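When a ligand or atom number is given, it counts from 1 through the structure's own listing order. Everything numeric here is computed off the predicted structure, so don't read it as measured data. Heavy atoms only: backbone and side chains are in, while hydrogens, waters and symmetry mates are out.
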Amino acid sequence: MADTITITDNRTGKQYDVPVTDGTIRATDLRQIKTGDDDFGLLTYDPAFMNTASCRSRITYIDGDKGILEYRGYPIEQLAEHSTFLETAYLILFGELPTASQMAEWTHDITMHTMVHENIKKFMEGFWYNAHPMGVFVSTVGALSTFYPDGKQIFEEEARRRQIVRLIAKVPTIAAYAYRHSIGRPYVYPDNGLSFTGNFLNMLFKMTELKYEPNEVLARALDVLFILHADHEQNCSTSAMRSIGSSHVDPYSALAGASAALYGPLHGGANEAVLRMLKEIGSVDHIPAFIKGVKAGDGRLMGFGHRVYKSYDPRARIIKKTAYEVFEVTGKNPLLDIALELERIALEDEYFVQRKLYPNVDFYSGLIYQAMNFPVEMFPVLFAIARTAGWVAQWEEMLLDPDQKIARPRQIYMGATKRDYVPAAARG
Ligand code: ACO
């Protein structure tokens with residue numbers, strides 16, 4: 001059977017055979033379908049890219065109906081159990097799990113690039129004391145491009161690798177500085193003797209002790225959360241990374257744009273929104289009234305629903321388990337009871353069942369972060385640290401893909417037709 005689709009244009013009676021490859025047709029193949037010589041050709045209309053594949057990718061596989069998430073073929077559940085964030089970042093970037101020597105070199109490279117230029121520190125000091133750390137993060141990552149002009153050499157493999165290492169290594173430092181800035185504490189330099197997440201906790205929470213000793217359970221929990229957030233194929237921020245990167249700008253500028261996309265409450269800001277919502281609900285008794293309000297269109301149940309996952313979000317299940325491990329150390333987050341009851345009621349409610357709305361990764365991550373003493377403003381920043389691995393991997397894949405060009409969607413123009421300029425005095 002031929003892998004083609006035959007389209008009959010009822011406007012003209014003409015038929016067209018369009019090839020089907022990997023379950024898709026090329027949108028540009030539709031351009032031959034015209035009603036006449038002055039017709040531009042058929043376009044597809046797909047706001048929010050609901051049904052458009054923008055690239056071929058070998059990085060992350062998601063089956064939203066079955067609740068499957070895999071990085072380079074490895075199930076997220078196995079990676080969360082056995083891998084580390086740095087190893088997973090290597091896998092996402094290079095396609096294979098590293099050998100022992102590759103892992104040692106990778107860890108060494110990342111560890112040696114964790115410091116930021118002293119002027120970055122000064123730059124960050126310029127922010128107002130109550131600046132949102134995500135705003136500080138977005139701006140500072142963008143500012144890195146001015147420190148590393150070789151970031152523009154995007155088609156030189158070694159230079160590209162240097163920027164990738166710098167970005168993965170420096171984002172925790174920038175994130176920690178943004179946090180310390182917001183609470184008026186001095187910045188803490190990286191400690192090369194600690195693991196990736198152990199060092200991050202050091203830069204966040206070290207006080208006057210000579211050597212910061214991270215709690216192993218908390219460091220591991222953070223590592224698992226970073227693994228879960230490392231990539232998620234063509235989501236809003238990753239599409240932004242690819243789209244901005246398609247102009248061949250340096251990766252720092254592209255990553256600043258991707259983090260800006262992540263900042264929004266419908267994306268990486270959702271866990272912050274979940275906590276605000278749980279606080280607003282205040283007690284288990286208020287849940288029925290809150291659910292009633294949501295069903296009446298009065299706001300959304302934050303942390304529920306996903307564009308892709310329509311059975312469950314596999315990351316939510318792992319996170320729920322991690323939450324209990326963290327609460328063993330930190331004590332239970334008092335909002336947990338509200339979250340559990342909200343989840344129970346929503347999962348039984350016709351409105352949510354019918355719309356296939358399940359808890360997503362952000363429903364519980366905020367509770368964990370809060371129990372670990374992170375202020376809510378830091379939540380999207382933590383997400384950005386992890387997602388940096390995915391962003392740079394997707395950026396590099398886009399650059400090396402011969403099919404890709406500068407991203408440039410079409411529009412359907414609905415405005416006024418041509419008319420002549422009217423001088424101000426003559427306007428009605
Ligand atoms: N609470 C209540 N109703 C919801 C919710 C929700 N959280 N999510 C979707 N719905 C309803 C919509 O009102 C709509 O109902 P209708 O058909 O009666 O109009 C229906 O479910 C479909 O919703 P859409 O908005 O069309 O679904 P979409 O795929 O565009 O949205 C999204 C996905 C943005 C994640 C949405 O579910 C949402 O806003 N959730 C809350 C925010 C959130 O948790 N975001 C985090 C996403 S995960 C991440 O970024 C890591």
(message) Among all protein heavy atoms in this structure, tell me which lies nearest to atom 13 (O) of ligand 1, with the distance rounded to 0.1 Å.
(response) Arg300 NH2, 3.3 Å
(message) Any protein heavy-atom neighbour for atom 1 (N) of ligand 1 (distance below 4.0 angstrom)?
(response) yes
(message) Here's a test for you: under ring pair (Phe, Tyr, Trp, His ring centres under 6.0 Å), which of Phe383, Phe379, Phe205 qualifies with Phe374?
(response) Phe205
(request) Distance to 0.1 Å, residue and atom name: give those for the protein heavy atom nearest to atom 50 (O) of ligand 1. (result) His267 ND1, 3.1 Å
(request) Tell me which part of Leu301 gets within contact of ligand 1: side chain, backbone, both or neither, using heavy atoms under 4.0 Å. (result) both
(request) Considering heavy atoms of the protein only, find what lies nearest to atom 17 (O) of ligand 1 and give residue, atom and distance to 0.1 Å. (result) Arg355 NE, 3.9 Å
(message) Within the protein, is there a heavy atom lying under 4.0 Å from atom 43 (C) of ligand 1?
(response) yes
(request) Would you mind checking if Arg160 and Glu396 are paired as a salt bridge, meaning a charged N to carboxylate O distance below 4.0 Å? (result) yes
(message) At less than 4.0 angstrom from any non-hydrogen atom of Asp362, what atoms of ligand 1 do you find?
(response) 46 (C), 49 (C), 51 (C)
(request) Could you see which bit of Asp313 sits under 4.0 Å from ligand 1, with heavy atoms only: side chain, backbone, both or neither? (result) neither
(request) Answer yes or no: does atom NE2 of His108 have more than 12 heavy-atom neighbours from other residues, nucleotides or ligands under 6.0 Å? (result) no
(message) I'd like to check atom 28 (P) of ligand 1 in this structure: does the protein have a heavy atom lying under 4.0 Å from it?
(response) yes
(message) Suppose we measure from atom 48 (S) of ligand 1 to each protein heavy atom; which comes out shortest, and what is that distance?
(response) His306 CD2, 3.6 Å
(message) Once rounded to the nearest 0.5 Å, what's the spacing between atom CG of Asp150 and atom CD of Glu156?
(response) 9.0 Å
(message) A side-chain contact here means heavy atoms from C-beta on lying under 4.5 Å apart; do Pro214 and Leu194 qualify?
(response) yes
(message) Check contact between Lys310 and ligand 1, using heavy atoms of the residue and a distance below 4.0 angstrom.
(response) yes
(request) Could you tell me whether Glu280 atom CD has more than 12 heavy atoms of other residues or ligands within 6.0 Å of it? (result) no
(message) Just to confirm my output: which protein heavy-atom neighbour is closest to atom 35 (C) of ligand 1, and how far is it?
(response) Gly305 O, 3.7 Å
(request) Among all protein heavy atoms, pick the one closest to atom 30 (O) of ligand 1 and tell me residue, atom and distance. (result) Arg307 NH2, 2.8 Å
(request) Please state which part of Tyr351 comes within less than 4.0 Å of ligand 1, counting heavy atoms only: side chain, backbone, both or neither. (result) side chain
(request) Give a yes or no on whether Arg26 atom CZ has more than 12 heavy-atom contacts from other residues, nucleotides or ligands under 6.0 Å away. (result) no
(request) Return the residue, atom name and 0.1 Å-rounded distance of the protein heavy atom closest to atom 46 (C) of ligand 1. (result) Ala270 CB, 3.4 Å
(request) Going by heavy-atom distance to atom 5 (C) of ligand 1, choose the closest among Asn235, Ile291, Val361, Leu357. (result) Leu357
(request) Inspect the surroundings of CZ in Phe155 and state if more than 12 heavy atoms from other residues, nucleotides or ligands are less than 6.0 Å away. (result) yes
(message) How about CZ on Arg220, more than 12 heavy atoms from neighbouring residues, nucleotides or ligands closer than 6.0 Å, or not?
(response) yes
(message) Counting neighbours of CD on Glu328 that are heavy atoms of other residues, nucleotides or ligands and sit closer than 6.0 Å, is the number greater than 12?
(response) no
(request) Using a strict 4.0 Å cut-off to heavy atoms of Gly303, name the atoms of ligand 1 that fall inside it. (result) 43 (C), 44 (O)
(message) With rounding to the nearest 0.5 angstrom, report the CG to CZ distance, Leu222 to Phe196.
(response) 9.0 Å
(message) Let's go through Tyr177 and Tyr187 carefully: what are the C-alpha distance in whole Å and the side-chain angles of both, what is the deciding distance for ring-ring contact (aromatic ring centres under 6.0 Å, His included) to 0.1 Å, and is it a yes or a no?
(response) CA-CA 6 Å; Tyr177 283 12; Tyr187 303 159; 4.5 Å; yes
(message) Looking at Gln32, I'd like to know if its CD atom is crowded, meaning that more than 12 non-hydrogen atoms belonging to other residues, nucleotides or ligands lie closer than 6.0 Å.
(response) yes
(message) Once you restrict to heavy atoms under 4.0 Å, what part of Val274 touches ligand 1? Side chain, backbone, both or neither.
(response) neither
(message) Can you tell me if Phe383 contacts ligand 1 (heavy atom of the residue under 4.0 Å from the ligand)?
(response) yes
(message) Among all the protein's heavy atoms, is there at least one whose distance to atom 19 (O) of ligand 1 comes out below 4.0 Å?
(response) no
(request) Would you mind checking which non-hydrogen protein atom is closest to atom 40 (N) of ligand 1, with the distance to 0.1 Å? (result) Phe304 O, 2.9 Å
